[in-house]
Amino acid sequence: MNGPAVFCNLLADTDGRITRFVCAGLGSDDKWLDQEHYTLGFAIDGRLVGGLIYHDIRRGRDLYWTIYTTDKRWCNRRILKAVFGLAFDFFGVERISLLVNTENQDCLRLVTKLGFKQEGLLRRYRDDGADCFLMGLLKNERKF
């Protein structure tokens, strides 16, 4: 039997708290972010469970996503329509890019289901020497 439906709320990061939460969850600070970045938070039952940072934004061209979450339940159709809509419709980009550590199979599975394609391998890219896949999604490939 399934439990009660979970409702995830989107939160705007007005004070940097969500950005810091995402960065801390990924084991870094926010110094790597450029001036123009935007962060949305995911909250379930009033508790912050993750966030998505839009960064390296070149309006009309492309941007990068950085996602961190502690709860898979954030990911539903309504939220996906909003986060893709912000990228493609508000920022007007033609592509979204993201980096995924090669050993992060859960994330690779998710972004592949969302339509992202592996475009490259960045060997020893992370500070700890981990390899990363460069993943990309073009506007005309979007599912949401």
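Between W65 and F84, the gap from one ring centroid to the other is short of 6.0 Å.
Summarising the geometry, atom CG belonging to L134 is positioned 5.0 Å from atom OH belonging to Y64; distances are rounded to the nearest 0.5 Å. Note that NZ of K81 and CZ of R142 are 9.0 Å apart. Values are rounded to the nearest 0.5 Å. Atom CG of N9 and atom CG of L48 lie 11.5 Å apart (nearest 0.5 Å). Atom CD of E103 is separated from atom SG of C132 by 8.0 Å, given to the nearest 0.5 angstrom. In this structure, D15 CG and R17 CZ are separated by 6.0 Å, a value rounded to the nearest 0.5 Å. We find the CG-CD1 distance between D13 and I53 to be 8.0 Å, quoted to the nearest 0.5 Å.
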task = Go through the steps for R95 and K139 under the test side chain to side chain contact (heavy atoms under 4.5 Å, CB included), then give the verdict.
result = CA-CA 6 Å; R95 66 173 287 119; K139 184 176 184 176; over 6 Å; no
task = Could you please spell out the steps behind the side chain to side chain contact (heavy atoms under 4.5 Å, CB included) verdict for L110 and K72?
result = CA-CA 10 Å; L110 171 64; K72 294 179 186 180; over 6 Å; no
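Two residues are said to be in side-chain contact when any heavy atoms from C-beta on lie closer than 4.5 Å; Y125 and T102 fail this criterion. Residues F133 and L99 have side chains not in contact (no heavy-atom distance under 4.5 Å, counting atoms from C-beta outward). Residues L114 and L137 form no side-chain contact, since every pair of their non-hydrogen atoms from C-beta on lies 4.5 Å or further apart. Residues Q118 and V100 have side chains not in contact (no heavy-atom distance under 4.5 Å, counting atoms from C-beta outward). Side-chain contact between R124 and D131 is present, with heavy atoms from C-beta onward closer than 4.5 Å.
Under the 4.5 Å side-chain heavy-atom criterion for Ile, Leu, Val, Met, Phe, Trp and Tyr, Y54 and L11 are members of distinct hydrophobic clusters. The cluster map of Ile, Leu, Val, Met, Phe, Trp and Tyr, joined by side-chain heavy atoms under 4.5 Å apart, puts F144 and L63 in the same cluster. Criterion: ILVMFWY side-chain heavy atoms under 4.5 Å apart, direct or through other members. Under it, F116 and I79 are part of a common hydrophobic cluster. Residue V111 is grouped with residue I96 when hydrophobic side chains (ILVMFWY) are merged at heavy-atom distances under 4.5 angstrom, including chains of intermediate members. Under the 4.5 Å side-chain heavy-atom criterion for Ile, Leu, Val, Met, Phe, Trp and Tyr, L52 and W32 are members of distinct hydrophobic clusters.
Scanning all heavy atoms of the two residues, the minimum distance from L10 to A82 falls at CD1-CB, 3.5 Å. Between C8 and F42 the shortest heavy-atom distance is SG-CB, 3.8 Å. Scanning both residues, K143 and T112, for their nearest heavy atoms gives NZ-O, 4.5 Å. Across I44 and W74, no two heavy atoms sit closer than the pair CD1-N, 4.0 Å. Pairing each heavy atom of T70 with each of R47, the nearest pair is OG1-NH1, 4.4 Å. Closest heavy-atom contact between I18 and G41: CG2-CA, 3.7 Å.
Other residues, nucleotides and ligands contribute only 12 or fewer heavy atoms inside 6.0 Å of the CG atom of D45. Within 6.0 Å of CZ on R78 lie more than 12 heavy atoms contributed by other residues, nucleotides or ligands. The environment of R59 atom CZ is dense: over 12 non-hydrogen atoms of other residues, nucleotides or ligands sit within 6.0 angstrom. The environment of CG in D127 is sparse: at most 12 heavy-atom neighbours from other residues, nucleotides or ligands sit within 6.0 Å. For Y38, the OH atom sits in a packed shell: over 12 heavy atoms of surrounding residues, nucleotides or ligands are nearer than 6.0 Å.
Judged purely by atom type and a 3.5 angstrom limit, S97 has no side-chain atom pairing as donor or acceptor with the backbone of G136.
Under the 4.0 Å criterion applied to side-chain N and carboxylate O atoms, K117 and E141 are not assigned as salt-bridge partners. With respect to the salt-bridge test (charged N to carboxylate O, under 4.0 angstrom), the residues D71 and R73 qualify.
When each of D56, T19, T66, V22 is tested with L33 by the rule side-chain contact (heavy atoms from CB on, under 4.5 Å), just one qualifies, namely T19.
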